[in-house]
Engineer: 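Once you've had a glance at the structure underneath, I'll fire off some questions.
Hydrogens, waters and symmetry mates are skipped; everything else that's a heavy atom, side chains included, is used. All chains are named by letter (A, B, ...) in the order of the sequence lines, taking the proteins before the strands, and each is independently numbered beginning at 1.
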There are 2 protein chains.
Amino acid sequence: MSAKHQDLEIQTRIDHILARLREEGFRVTPQRLAVLEVLAASENHPSVEAIYDQVRRRFSTISLATVYKTISLLKEIHEVLELGFADRSSRYDGHKPYPHPHLICTRCGRIQDPELSSLEELTREATTQTGFEIVTHRLDFFGLCNDCRCEE
Amino acid sequence: MSAKHQDLEIQTRIDHILARLREEGFRVTPQRLAVLEVLAASENHPSVEAIYDQVRRRFSTISLATVYKTISLLKEIHEVLELGFADRSSRYDGHKPYPHPHLICTRCGRIQDPELSSLEELTREATTQTGFEIVTHRLDFFGLCNDCRCEE
DNA sequence: CGGATAAAAATAATCGTTATTAATAAATAA
DNA sequence: TTATTTATTAATAACGATTATTTTTATCCG
Ligand SMILES: [Mn+2]
Ligand SMILES: [Mn+2]
Ligand SMILES: [Zn+2]
Ligand SMILES: [Zn+2]
């Protein structure tokens with residue numbers, strides 16, 4: 001994928017989220033734009049701190065609370081997926097804002113999206129077996145990424 | 001399953017954990033016994049508070065910190081599975097202390113263990129596709145349990 | 001442009017959990 | 001048995017990421 005094509009994709013995503021914000025009657029502020037630009041550009045499921053650090057480079061006065069509020073707003077309009085963990089840390093996916101599996105490296109913290117075809121099958125199995133009406137799900141695999149596995 | 005058979009199963013599980021504690025050189029105290037009895041008897045993936053409340057009925061002076069420490073110890077010797085959530089709440093499975101999928105009712109809080117055969121297949125798929133060395137996983141389905149679905 | 005009001009910044013509060021400390025109980029040695 | 005050591009408990013303080021609150025600032029619409 002060329003750098004230019006990549007940039008276009010990012011801009012398309014940004015425009016879409018901006019449109020969604022206006023659609024829902026929310027204001028587009030420079031702070032919000034800065035946060036969602038970071039989310040749209042990042043390939044790495046960034047944490048709040050990572051987003052905050054990035055945004056501050058071009059917007060030194062922004063408050064951490066504003067970053068939290070903006071992310072919360074993007075969650076509300078279903079344009080970001082939050083991966084909250086039990087240790088209170090969270091990572092965010094601004095590209096695929098719907099449930100999907102993740103591979104999490106416990107050594108370097110990298111988070112990756114695999115494409116798994118047999119997940120739907122699994123959901124069906126769970127539904128028929130228990131009578132649950134499944135609304136959403138969360139699937140995390142933990143282990144060592146390719147890089148960390150080789151360095152061990 | 002008869003009530004008697006149920007009691008026997010619970011006692012077997014308690015005995016196993018007690019043996020594991022001694023095996024690892026930890027003392028068996030009345031407080032620890034009380035906590036693991038609740039865990040072994042519970043079918044419902046209890047929370048810390050739920051365990052604390054149960055234990056206090058027969059052990060009114062026990063401290064909440066002791067419950068936390070005991071659970072932490074049982075995690076350490078791999079005899080309880082912790083399901084930690086992003087909202088800081090945790091639920092515990094004292095029956096199957098290894099990773100397995102869960103069905104979580106978002107209305108009544110009930111947590112249930114389904115038997116899903118196609119999970120291994122999914123793990124293999126993730127491994128081959130990404131080069132990750134998968135060590136463990138976590139799979140939660142969220143929705144409405146059979147009871148709550150009918151009451152809606 | 002105003003003026004209504006949403007949003008930002010700064011800061012305080014929250015609340016499960018963890019750490020700390022002193023007291024107690026169990027194990028071991030003498 | 002009694003003394004000594006060590007693990008465990010109970011009580012309570014500290015923690016820290018997130019959320020709530022308050023005041024100030026900026027956006028949006030006519
Ligand atoms: Mn993702
Ligand atoms: Mn379970
Ligand atoms: Zn890694
Ligand atoms: Zn239910």
Side-chain angles (χ1 to χ4, degrees), chain A residues 17-39 45-77 79-92 109, chain B residues 17-18 20-38 45-77 79-92 109:
Chain A
I17 299 177
L18 289 176
R20 284 299 321 287
L21 278 174
R22 293 198 184 93
E23 192 179 308
E24 300 277 348
F26 295 108
R27 293 178 183 173
V28 175
T29 66
Q31 290 91 339
R32 284 177 178 173
L33 183 60
V35 168
L36 72 86
E37 274 175 353
V38 170
L39 272 168
H45 301 82
S47 65
V48 171
E49 281 298 326
I51 295 169
Y52 182 49
D53 290 348
Q54 283 271 108
V55 167
R56 254 204 306 193
R57 287 182 199 167
R58 298 197 296 108
F59 214 117
S60 61
T61 64
I62 196 170
S63 162
L64 182 57
T66 300
V67 176
Y68 272 108
K69 283 228 76 181
T70 303
I71 292 170
S72 171
L73 177 63
L74 294 174
K75 277 193 291 176
E76 204 180 309
I77 65 172
E79 290 300 334
V80 72
L81 178 74
E82 177 173 45
L83 298 178
F85 297 92
D87 68 353
R88 301 254 67 186
S89 66
S90 279
R91 304 280 292 267
Y92 298 90
Chain B
I17 299 177
L18 290 176
R20 285 298 323 285
L21 279 174
R22 294 197 185 94
E23 193 179 308
E24 301 276 348
F26 295 109
R27 294 179 183 169
V28 174
T29 66
Q31 289 89 341
R32 285 176 178 171
L33 183 60
V35 168
L36 71 87
E37 275 176 353
V38 170
H45 301 81
S47 65
V48 170
E49 279 299 327
I51 295 169
Y52 182 48
D53 289 347
Q54 283 271 109
V55 168
R56 256 204 303 194
R57 288 184 200 165
R58 298 197 296 110
F59 214 117
S60 62
T61 66
I62 198 170
S63 162
L64 182 57
T66 299
V67 176
Y68 273 108
K69 284 230 74 182
T70 303
I71 292 170
S72 172
L73 178 64
L74 294 174
K75 277 193 289 177
E76 204 180 308
I77 65 172
E79 290 300 335
V80 72
L81 178 74
E82 178 173 44
L83 297 177
F85 297 93
D87 68 353
R88 298 258 70 186
S89 65
S90 279
R91 304 280 291 266
Y92 298 90

Engineer: How close or far is atom P of dT19(D) from atom CD of Glu76(A), stated in whole angstroms?
Structural biologist: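 Taking CD of Glu76(A) and P of dT19(D), I get 13 Å after rounding.
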Engineer: Is there side-chain contact between Thr66(A) and Val35(A), with heavy atoms separated by less than 4.5 Å?
Structural biologist: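 They are not in side-chain contact.
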Engineer: Between Asp87(A) and Arg88(B), which heavy-atom pair has the shortest distance, and what is it?
Structural biologist: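 So the minimum-distance heavy-atom pair works out to CA-NH2, 4.1 Å.
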Engineer: Apply side chain to side chain contact (heavy atoms under 4.5 Å, CB included) to residues Leu83(B) and Tyr92(B) and explain how you reach the verdict.
Structural biologist: CA-CA 6 Å; Leu83(B) 297 177; Tyr92(B) 298 90; over 6 Å; no
Engineer: Write down the distance between CD (Glu82(A)) and P (dA17(D)), rounded to a whole number of angstrom.
Structural biologist: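 Atom CD in Glu82(A) sits about 15 Å away from atom P in dA17(D).
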Engineer: Rounded to the Å, how far apart are Leu83(A) CG and dA17(D) C1'?
Structural biologist: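 About 17 Å, once rounded to whole Å.
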Engineer: To the nearest 0.5 angstrom, please state how far the CG atom of Leu74(A) sits from the CG atom of Leu39(A).
Structural biologist: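 The CG atom of Leu74(A) sits 6.5 Å away from the CG atom of Leu39(A).
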Engineer: Looking at Phe59(A), I'd like to know if the NZ or CZ of Arg57(A) sits under 6.0 Å from its six-membered ring centre while staying within 45 degrees of the ring's axis.
Structural biologist: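 Judged by the rule, Arg57(A) and Phe59(A) form no cation-pi pair.
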Engineer: Considering residues at least two apart in sequence or located in another chain, which fulfil the side chain to side chain contact (heavy atoms under 4.5 Å, CB included) criterion with Tyr68(B)?
Structural biologist: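 For Tyr68(B) the side chain to side chain contact (heavy atoms under 4.5 Å, CB included) partners, ignoring immediate neighbours, are Val48(B), Leu64(B).
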Engineer: Per the end-axis method with five pairs at each terminus, what is the bend angle of the helix from dC1(C)-dG30(D) to dA30(C)-dT1(D), to 10°?
Structural biologist: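 Here the local axes at opposite ends form an angle of 30°.
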Engineer: Scan residues 58-77 of chain B for pairs that pass salt bridge (charged side-chain N to carboxylate O under 4.0 Å, His left out), counting only residues two or more places apart or in two chains.
Structural biologist: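 As it turns out, the salt bridge (charged side-chain N to carboxylate O under 4.0 Å, His left out) pairs with a partner in residues 58-77 of chain B, which skip direct neighbours, are Glu37(B)-Arg58(B), Lys75(B)-Glu82(B).
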Engineer: Restricting both atoms to N or O, compile the protein contacts to nucleotides 23-25 of chain D shorter than 3.5 Å, with distance only.
Structural biologist:
none

Engineer: Quick one: side chain to side chain contact (heavy atoms under 4.5 Å, CB included) partners of Ala19(A), sequence neighbours excluded?
Structural biologist: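 So Ala19(A) forms no side chain to side chain contact (heavy atoms under 4.5 Å, CB included) with any residue.
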Engineer: Roughly how far apart are Ile51(A) CD1 and Thr70(A) OG1, rounded to 0.5 Å?
Structural biologist: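 Reported to 0.5 Å precision, the distance equals 9.5 Å.
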Engineer: After noting the C-alpha distance and the side-chain angles of Phe26(B) and Arg20(B), does the key distance pass the side chain to side chain contact (heavy atoms under 4.5 Å, CB included) rule?
Structural biologist: CA-CA 9 Å; Phe26(B) 295 109; Arg20(B) 285 298 323 285; over 6 Å; no
Engineer: Round to the nearest Å and state the distance from Arg22(A) atom CZ to dC28(D) atom P.
Structural biologist: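 Arg22(A) atom CZ is separated from dC28(D) atom P by 8 Å.
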Engineer: Looking only at non-hydrogen atoms, find the nearest pair between Ser90(A) and Gly84(A) and report the distance.
Structural biologist: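 That would be OG-CA, 3.4 Å.
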Engineer: Would you give a per-nucleotide map of nucleotides 6-16 of chain C, 5' to 3', where B means the base has a protein non-hydrogen atom under 4.0 Å away, S means only the sugar-phosphate does, and - means neither?
Structural biologist: BSSSBB----S
Engineer: Once you round it to whole Å, what is the distance between P of dA17(D) and CG of Asp53(A)?
Structural biologist: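 Distance check: Asp53(A) CG to dA17(D) P gives 13 Å.
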